[in-house]
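Read through the structure below, which is laid out as structure tokens, and then see the notes.
Because the structure is a prediction, the values reported are computed rather than measured. Chain A is the first sequence line, chain B the second, and so forth, proteins listed ahead of strands; every chain is numbered from 1.
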There are 2 protein chains.
Amino acid sequence: MDLRLFRSFLEVAETRNFTRAAARIHLAQSALSQQISLLERDLGVRLFHRTSRSVTLTEAGTALVPLARDLLRRTERIRAEMDALAGLERGTLLIGLLQTPTPVFDIVDLLGTFRDAHPGIELHVTDAPSEVMTARVASGDLDLAIVGLAHDEVPADLDYVPLAVEPLVAVTAADGVLDGTDPEALATSRPLARSCTSRRARASGGASRRRSRAPG
Amino acid sequence: MDLRLFRSFLEVAETRNFTRAAARIHLAQSALSQQISLLERDLGVRLFHRTSRSVTLTEAGTALVPLARDLLRRTERIRAEMDALAGLERGTLLIGLLQTPTPVFDIVDLLGTFRDAHPGIELHVTDAPSEVMTARVASGDLDLAIVGLAHDEVPADLDYVPLAVEPLVAVTAADGVLDGTDPEALATSRPLARSCTSRRARASGGASRRRSRAPG
DNA sequence: TCAGCTTACGAGGATCGTAAACATC
DNA sequence: GATGTTTACGATCCTCGTAAGCTGA
């Protein structure tokens, strides 16, 4: 039994006119006619007295009106309840993600788990250099981003949670060029690794906007 | 929205097993799977957590169980209500009808009117000679019969209502053979017309029963 | 490997809309 | 004849079942 039949029935009951009821629910009048007779056959009672000039409710039809109304109201409530449970879990989450694979935790698995738990939320993932993504989070173009930055590189107006700490390693040829260099001093005074990141960030800095052209 | 989806949902919720639930409602397992995902898409929430080895209700699914049960119970009540309103007007009426057209009242129109007023009642019309039909009414093979009999020809154990009185007319060649005969005397002493009826009744008397043969 | 859910896809059935038939005012 | 419902019928959509695919124990 399809609930649409009750909806159609109520519409006819209210308008007492198949043609107008059909127009209201965006259906051909014949289709509505078929729906009503299907409902009548299903319930085993005649719901309307129809002459070619007037439509009136039978006793059974009169009895059905409040029952059908109640049933439809309840299904609406079920929908509302489900919506409420989906609750805030409806919408779109814009995520910035470093293209660099992070071996410390499985981001793909994480997203999959999230998706299972919150199927109502659409996930949009983009990637960009860390500095660009933090800027986009600041401007609202992204909801969150997973970036690779040192603590002091995170803009002050953004919140952040450290997910993993990766050692910064200097790799050189085995000619002993770094022999005797203090690692601490190397990290702070000679930004070898970071300079790469910075350069890449500048190079691909501006967000490219796609332009659409109106036809004609 | 089809109420069958809720029924299917409840079955899966109870068995926690698509295969068994499908068997219970006489559906292919894939069809049930499709129904559930249709319901989930319709309501915008995931109702079950499925791994390939276990099916468990989500929060939304848990909330839906009593709501769906309630909805189905209410539709059952609607059906019961409609059945009650159809009331006694449900069943089959076996009518015996003289093949002879009766110009006194329109039997076809009468049946049509009845059918409109009591659409829940199936009408089965058969015909046979009047005497056979009265016998069938007596034996319960017919619910009622419209026959052509004189008052004194109706079996004493049957009720009857005169619907029309038709004159019994003797038609002869115009040779004056009946000239001077008293009509009253003719009807009582010389059963011209009635003898035909009686002979026909004997000829087609026994009801033929169809025999069915068991296969093998 | 097995149990069990999902996906793919073709067949059959259901539903819709157009159009004709039919019935009252 | 106008208005309004039902009936006829073809096209489309939907739902089912078979079979293959996929996944976790």
Side-chain angles (χ1 to χ4, degrees), chain A residues 1-43 45-58 60-61 106 108-113 115-117 119, chain B residues 1-58 60-61 106 108-109 111-113 115-117 119:
Chain A
M1 156 117 358
D2 196 324
L3 287 171
R4 289 181 313 154
L5 297 185
F6 287 119
R7 165 119 294 291
S8 298
F9 161 73
L10 285 179
E11 212 64 53
V12 176
E14 277 175 26
T15 62
R16 278 142 203 269
N17 178 308
F18 278 64
T19 306
R20 258 174 294 153
R24 276 208 208 174
I25 51 188
H26 307 295
L27 214 63
Q29 187 270 342
S30 73
L32 178 59
S33 201
Q34 290 172 51
Q35 283 194 356
I36 298 299
S37 47
L38 178 65
L39 183 60
E40 288 180 326
R41 227 175 317 143
D42 191 339
L43 294 177
V45 288
R46 203 149 188 84
L47 297 169
F48 296 105
H49 292 300
R50 307 87 139 155
T51 69
S52 65
R53 296 302 274 182
S54 76
V55 172
T56 57
L57 284 162
T58 62
D106 188 346
V108 175
D109 180 63
L110 191 67
L111 288 179
T113 302
R115 217 189 139 60
D116 282 348
Chain B
M1 157 117 359
D2 196 323
L3 288 171
R4 288 180 316 153
L5 298 186
F6 287 118
R7 166 119 295 288
S8 298
F9 161 74
L10 285 179
E11 212 64 53
V12 176
E14 278 175 27
T15 62
R16 276 142 205 269
N17 179 307
F18 278 65
T19 308
R20 260 174 294 155
R24 276 209 208 172
I25 51 188
H26 305 295
L27 215 63
Q29 188 270 339
S30 73
L32 178 59
S33 201
Q34 289 172 51
Q35 283 194 355
I36 298 299
S37 47
L38 179 65
L39 183 60
E40 289 179 325
R41 226 176 317 143
D42 191 340
L43 293 177
V45 287
R46 202 149 187 86
L47 297 169
F48 296 104
H49 291 300
R50 305 93 136 149
T51 70
S52 66
R53 297 300 276 181
S54 76
V55 172
T56 57
L57 283 162
T58 61
D106 187 347
V108 175
D109 180 61
L111 289 179
T113 303
R115 218 188 137 59
D116 282 347

Measure the spacing between CD of Glu11(B) and CG of Leu27(B) and express it to the nearest 0.5 Å. 11.0 Å

For DNA chain D, the residues among residues 23-34 of chain A that have a non-hydrogen atom under 4.0 Å from it: Gln29(A), Ser30(A), Ser33(A)

Rounded to whole Å, the CZ-C1' distance (Phe48(A) to dT6(D)) equals 15 Å

Using a 3.5 Å distance criterion without hydrogens, assess whether the side chain of Thr58(B) forms a donor-acceptor pair with backbone atoms of Arg46(B). yes

In whole Å, what is the span from the NE2 atom of His49(B) to the P atom of dT23(D)? 19 Å

Working to the nearest 0.5 angstrom, can you tell me the gap between Arg24(A) CZ and Thr15(A) OG1? 6.0 Å

Take atom CZ of Arg20(A) and atom C1' of dG4(D), then tell me their distance rounded to the nearest Å. 11 Å

Looking at dT6(C), I'd like to know if its phosphate oxygens (OP1 or OP2) sit under 4.0 Å from a side-chain N or O belonging to Arg50(B). yes

Got a donor-acceptor contact below 3.5 angstrom from the Glu40(B) side chain to the Leu47(B) backbone? yes

Compute whether any side-chain donor of one residue and acceptor of the other, for Gln35(B) and Ser8(B), lie under 3.5 angstrom apart. yes

When every non-hydrogen atom of Ala21(A) is compared with those of Leu32(A), the smallest separation belongs to CB-CD2, 3.7 Å

From CD of Gln35(A) across to C1' of dT5(D) the rounded distance in Å is 15 Å

Between C1' on dT6(D) and CZ on Arg46(A), what's the gap in Å once rounded to a whole number? 10 Å

Round to the nearest Å and state the distance from Ile36(B) atom CD1 to dT7(C) atom C1'. 16 Å

May I ask you to test the Val55(A)-Val12(A) pair for a side-chain heavy-atom distance under 4.5 Å? yes

Any Lys/Arg nitrogen of Glu14(A) or Arg7(A) sitting under 4.0 Å from an Asp/Glu carboxylate oxygen of the other? no

What is the distance, to the nearest angstrom, from the CG atom on Leu38(B) to the P atom on dT6(C)? 13 Å

Tell me whether Ser37(A) contacts the main-chain N or O of Ser33(A) through its side chain, where contact means a donor paired with an acceptor under 3.5 Å. yes

Determine the sole option in Ile36(B), Leu39(B), Leu10(B) for which the side chain to side chain contact (heavy atoms under 4.5 Å, CB included) test with Leu5(B) is passed. Leu39(B)

Would you call the rings of Phe18(A) and Phe48(A) parallel, tilted or perpendicular if under 30° counts as parallel and over 60° as perpendicular? perpendicular

For the helix from dT1(C)-dA25(D) to dC25(C)-dG1(D), how many degrees between its two end axes (five pairs per end), to the nearest 10°? 30°

In residues 3-19 of chain B, what residues come within less than 4.0 Å of DNA chain C, judged by heavy atoms? Asn17(B), Phe18(B), Thr19(B)

